[in-house]
Amino acid sequence: MTATTIGVGSFARTPGKVKPLRVAIAGLGAIGKVVAERIVHSIPDCRLVAASARDVARARSFLDGLGCDAPILPLRDLPEVADLVVEAMPASAFDELADATLARGRILMVISVGALVSRPHLFEAARQYGARIVAPTGALIGLDAVQAAAEGTIESVRMITRKPPNGLKGAPYLAERDISLDGLSEPLKVFEGNARDAVRGFPANVNVVAALSLAGIGPEKTMIEIWADPAADRNRHRIVVESDSASFSMEIQNIPTQENPKTGRITALSVVAAIRKYGNPVQVGT
């Protein structure tokens, strides 16, 4: 039986002796390092079997410091040795990793959820090869409620994102329109539109709205405002949902990582929580 999973990842277990989940990590940056450390030291029934990184020497030194002898391999080789491959790398290498992982029938855990919006063929590839795509909740909140509401009828989903200006710098949308965030003294709304256009214009900034759209009513109907706020010291996301089963609003304020202000600290922990569920006999949440 094949499946494509969007939202909090869950993994089926077979009765009897448990085999360790073999995990490979593509990218050892702000997210990958945290995930690697937790796998090596605190997730039972899970083993880090390989990683991939642009700076091989630096990656080797990091893994050695964890007491982990997992090899540093090219991206295409990760699914050859792993059951689950965590994508935690620059978007430029996404296609190579996704194609190789799905063709091998493995689980692909996606951090760059926005990449899925423009690559619907990957869902069919997962079905064809018996693979799975898992998108952890990441820096968002309430995807389980949105998924439940989507079993009925959702009238609208709207998201308002506020980030420090440094967390949005370099976005293609800003560069194309010559929008400068330097010296802002008050909040500036830099985008309003649907999730598909937001992901295209801010590929490194709004993976959250991509996940929200895939859990709910799709990228064309999911709307978002993006604000650069000089007074903000956290990445803030507010979601408002209207449906025939419930009306609800949610807000989360994520503390940015020091290594990459575009990424909230909770994102890596969400990946860890999704992997940890593999070995848990009890699962809480949709």
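Numbers for residues simply follow the sequence, beginning at 1.
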May I have the step-by-step check of side chain to side chain contact (heavy atoms under 4.5 Å, CB included) for Asp45 and Leu21, ending in yes or no?
CA-CA 6 Å; Asp45 299 327; Leu21 178 69; over 6 Å; no

Side chain to side chain contact (heavy atoms under 4.5 Å, CB included) between Asp197 and Phe191: does it pass, once the steps are laid out?
CA-CA 9 Å; Asp197 291 340; Phe191 178 87; 3.9 Å; yes

Intermediate values then yes/no, side chain to side chain contact (heavy atoms under 4.5 Å, CB included), Leu140 and Met159:
CA-CA 11 Å; Leu140 208 54; Met159 180 173 174; 3.8 Å; yes

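Among residue pairs with one or both ends in residues 207-220, those qualifying as side chain to side chain donor-acceptor pair (under 3.5 Å) are Arg196-Glu220; sequence neighbours excluded. Within the structure, side chain to side chain donor-acceptor pair (under 3.5 Å) contacts touching residues 149-158 (residues at least two apart or in different chains) are Arg158-Glu192, Arg158-Glu225.
Within the 3.5 Å criterion, the main-chain N or O of Val81 finds a donor-acceptor partner in the side chain of Arg22. Not a single donor-acceptor pair under 3.5 Å links the side chain of Ser61 to the backbone N or O of Ala57. Using modelled atom types, no side-chain atom of Arg47 and backbone atom of Pro20 make a donor-acceptor pair closer than 3.5 Å. When atom types are taken as modelled, the side chain of Arg276 and the backbone of Ser42 share a donor-acceptor pair closer than 3.5 angstrom. A donor-acceptor pair is defined here as one N or O able to donate and one able to accept, closer than 3.5 Å; such a pair exists between the side chain of Lys163 and the backbone of Asn205.
Contact between Leu48 and Ala24 at its shortest, heavy atoms only, is CD1-CA, 4.4 Å. Taking both residues in full, the closest heavy atoms of Ala139 and Ile266 are given as CA-CG2, 3.7 Å, listed atom of the first, atom of the second, then distance.
Annotation: side chain to side chain donor-acceptor pair (under 3.5 Å) contacts of Thr267 (sequence neighbours excluded): none.
Under a cutoff of 6.0 Å and an axis angle of 45°, Arg177 and Tyr173 form a cation-pi pair.
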